[in-house]
Amino acid sequence: MLVLGIETSCDETGIALYHSRKGLVSHRLHSQVALHAEYGGVVPELASRDHIRKLLPLIEDVLEDAKVSKTELSGIAYTSGPGLIGALLAGASVAASLGWALGIPVIAIHHMEGHLLAPLLEPNPPEFPFLALLVSGGHTQLIHVEGVGRYKILGESIDDAAGEAFDKTAKMLGLGYPGGPEIARLAKEGHRERFSFPRPMTDRPGLEFSFSGLKTHTLTTLSHTDGSLQDKADIAAGFQSAVIETLIIKTKRALKQTGLKRLIVAGGVSANQCMRDRLFEISTQDGFEVYFPRLEFCGDNGAMIAFAGTQRLIAGELGVKAITARPRWPISELSDLSA
């Protein structure tokens with residue numbers, strides 16, 4: 001089974017081919033970071049137009065790399081949501097049109113399911129069940145995963161997601177977009193102990209997250225400094241440490257609550273090296289396994305969508321009958337493939 005994956009939820013156009021026996025065959029990614037950088041964030045209309053320009057050329061490139069034709073495809077998987085509606089519709093329209101023309105199933109994929117399954121693309125994937133920590137620009141969630149489509153949300157952010165907090169804090173500090181890598185870069189020059197940062201909602205039971213107060217605390221801290229480069233580096237280091245420690249405290253709590261011994265961490269923030277190093281250290285101490293996607297698959301990409309689509313096709317999913325795009329879509333609404 002050969003499946004084409006299309007990802008256009010936000011500011012990356014990702015295209016990939018996944019084979020049910022051979023694995024990932026080919027993939028391409030076009031990033032819009034340079035396009036949106038001068039605005040300090042994603043401009044939805046510009047994102048949609050750029051997806052339209054890049055989709056067909058990237059599909060042709062991936063097919064050419066794999067030395068296959070469109071007629072050899074078994075199905076097409078595309079990101080149906082959540083995301084920017086215009087960007088989602090760009091990918092959905094191409095996927096549906098191509099699928100209908102070829103007479104093959106078109107599978108609507110949940111963006112966060114793609115991220116959740118991304119570590120399974122690695123050579124030594126984790127076995128089910130496991131705990132998933134999803135940390136991206138739009139989501140921070142702890143999910144008990146029993147299998148593909150079998151997800152139970154244990155806790156999530158009640159306001160800003162971790163990635164969103166990184167972006168907004170970077171903007172406060174006069175850094176570029178996207179904020180996560182910029183904060184991480186500056187934090188290397190800072191002293192994380194200089195300023196005191198809270199670990200939000202860790203002093204109470206539960207697995208919910210909140211990062212809006214931490215963002216406000218950062219702004220207040222900055223206002224009481226001269227705004228020098230060293231001040232900003234120290235704030236970046238303190239902020240990053242607070243976010244990472246908050247995520248780890250809640251994750252350890254979820255592992256204890258569920259009794260699970262396998263953890264996967266995915267989404268854009270999972271590329272943060274400090275968080276990776278800290279989780280590997282803790283996993284050794286506490287006796288659980290931790291899995292990450294490779295760095296190129298931490299952010300949005302077509303490979304994770306193609307993989308998720310393949311799993312759903314194998315499980316017997318028939319595909320959509322009409323173009324579907326859902327800017328808001330709780331992962332808890334996904335169908336259980338074992339049913």
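These numbers come from the heavy atoms of this one structure, side chains and all, not from hydrogens, waters or symmetry mates.
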Participant: With ring centroids as reference points, do H217 and F197 lie under 6.0 angstrom apart?
Facilitator: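 Here the rings of F197 and H217 have centres that are less than 6.0 Å from each other.
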Participant: Treating Ile, Leu, Val, Met, Phe, Trp and Tyr as nodes and any side-chain heavy-atom pair under 4.5 angstrom as an edge, say whether V106 and L89 lie in one connected cluster.
Facilitator: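 No, it is not one cluster - the side chains of V106 and L89 are not joined through contacts under 4.5 Å.
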Participant: Keeping S74 on the side-chain end and L2 on the backbone end, is there a donor-acceptor pair under 3.5 Å?
Facilitator: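 Indeed, once roles are kept as given, a pair shorter than 3.5 Å links the two residues.
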Participant: Strictly distance-based, threshold 3.5 Å: is any side-chain N or O of H110 a donor or acceptor partner for the main-chain N or O of W329?
Facilitator: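 Present.
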Participant: Please walk me through it: do D160 and S212 pass side-chain hydrogen bond (donor to acceptor under 3.5 Å, both in side chains)?
Facilitator: CA-CA 5 Å; D160 288 358; S212 63; 5.6 Å; no
Participant: Which atom names give the shortest non-hydrogen contact between W100 and V320, and what distance separates them?
Facilitator: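 Minimum heavy-atom contact is NE1-O, 4.5 Å.
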Participant: Classify the ring geometry of H27 against F297: parallel below 30°, tilted from 30° to 60°, perpendicular beyond 60°.
Facilitator: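 Perpendicular.
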Participant: Using side-chain contact (heavy atoms from CB on, under 4.5 Å) as the criterion, point out the one residue from T258, L247, L207, L255 that pairs with L142.
Facilitator: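 When side-chain contact (heavy atoms from CB on, under 4.5 Å) is applied between L142 and each of T258, L247, L207, L255, only L207 qualifies.
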Participant: Would you say that more than 12 heavy atoms from the other residues, nucleotides or ligands in this model lie under 6.0 Å from the CD of E296, or not?
Facilitator: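 Yes, because the 6.0 Å sphere around CD of E296 holds more than 12 heavy atoms from other groups.
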Participant: Show the nearest heavy-atom pair for residues E182 and R185, with the distance to one decimal.
Facilitator: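 That closest heavy-atom pairing would be OE1-NH2, 3.0 Å.
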Participant: Take R312 and S335 through the side-chain hydrogen bond (donor to acceptor under 3.5 Å, both in side chains) test and state the conclusion after the steps.
Facilitator: CA-CA 10 Å; R312 288 192 164 272; S335 59; 3.2 Å; yes
Participant: Would you check if the side chain of R278 reaches a backbone N or O of S241 as a donor-acceptor pair within less than 3.5 Å?
Facilitator: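 No, the answer is negative, given that no donor and acceptor are paired below the 3.5 Å cut-off.
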Participant: Applying a strict under-4.5 Å side-chain criterion to I, L, V, M, F, W and Y, I'd like to know whether Y291 and L263 cluster together.
Facilitator: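 No; L263 is not reachable from Y291 via cluster members.
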Participant: Can a side-chain donor-acceptor contact be found between S93 and Y78 if the only test is distance below 3.5 angstrom?
Facilitator: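 No, no side-chain donor-acceptor pair sits under 3.5 Å.
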Participant: Which atom pair, heavy atoms only, marks the closest approach of I305 to G114?
Facilitator: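 So the minimum-distance heavy-atom pair works out to CD1-CA, 4.4 Å.
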Participant: Give a yes or no answer on whether the side chain of R194 reaches the backbone of I235 with a donor-acceptor pair at less than 3.5 Å.
Facilitator: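 Between the backbone of I235 and the side chain of R194 there is no qualifying donor-acceptor contact (under 3.5 Å).
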Participant: For a salt bridge (Lys or Arg N to Asp or Glu O under 4.0 Å) check, start with the C-alpha distance between E245 and R192, then their side-chain angles and the critical distance, and finish with the verdict.
Facilitator: CA-CA 12 Å; E245 188 171 338; R192 64 184 183 184; over 6 Å; no
Participant: Of all heavy-atom pairs between P126 and P119, which one has the smallest distance, and what is that distance?
Facilitator: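 Answer, listing the atom of P126 first, then P119: CD-O, 4.1 Å.
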Participant: For the residue pair S210 and M201, what are the closest heavy atoms and their distance?
Facilitator: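 Closest heavy-atom pair between S210 and M201: CB-SD, 3.3 Å.
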Participant: Are any side-chain N or O atoms of E208 and backbone N or O atoms of E156, one a donor and one an acceptor, separated by less than 3.5 Å?
Facilitator: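 Checking the backbone N and O of E156 against the side chain of E208, a donor-acceptor pair under 3.5 Å is found.
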Participant: I'd like to check I76 versus V94 (side-chain heavy atoms, cut-off strictly below 4.5 Å). Are they in contact?
Facilitator: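 No. Closest side-chain heavy atoms not under 4.5 Å.
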Participant: Between C298 and R276, does the side-chain contact (heavy atoms from CB on, under 4.5 Å) criterion hold? Intermediate values first, please.
Facilitator: CA-CA 12 Å; C298 288; R276 286 182 172 234; 3.1 Å; yes
Participant: If you compare all heavy atoms of K70 against all heavy atoms of L102, which two are closest, and at what distance to 0.1 Å?
Facilitator: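 Heavy atoms of K70 and L102 come nearest at O-CD1, 3.5 Å.
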Participant: Side-chain heavy atoms under 4.5 angstrom apart, residues restricted to Ile, Leu, Val, Met, Phe, Trp, Tyr: same cluster for F307 and L29?
Facilitator: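 No; tracing contacts between hydrophobic side chains, which count when under 4.5 Å, never links both residues.
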Participant: Determine whether a donor-acceptor pair (N or O, by modelled atom type, separation under 3.5 Å) exists between the side chain of T8 and the backbone of A87.
Facilitator: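 Answer holds: yes.
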Participant: Determine yes or no for a side-chain-to-main-chain donor-acceptor pair under 3.5 angstrom, with D226 supplying the side chain and S228 the backbone.
Facilitator: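 Answer holds: no.
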Participant: If Ile, Leu, Val, Met, Phe, Trp and Tyr residues are connected whenever their side-chain heavy atoms lie under 4.5 Å apart, and connections chain through other members, are L120 and L133 in the same group?
Facilitator: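 Cluster IDs for L120 and L133 differ.
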Participant: Determine whether the aromatic ring centres of F211 and F166 lie less than 6.0 Å apart.
Facilitator: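 Judged by ring-centre distance (under 6.0 Å), F211 and F166 do not meet the cut-off.
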Participant: Please say yes or no: joined through hydrophobic side-chain contacts below 4.5 Å, possibly via intermediate residues, are L334 and L131 part of one cluster?
Facilitator: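 No, L334 and L131 fall in different hydrophobic clusters.
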Participant: Going by the angle between their ring planes, with limits at 30° and 60°, are H115 and H111 parallel, tilted or perpendicular?
Facilitator: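 Plane angle over 60°, so perpendicular.
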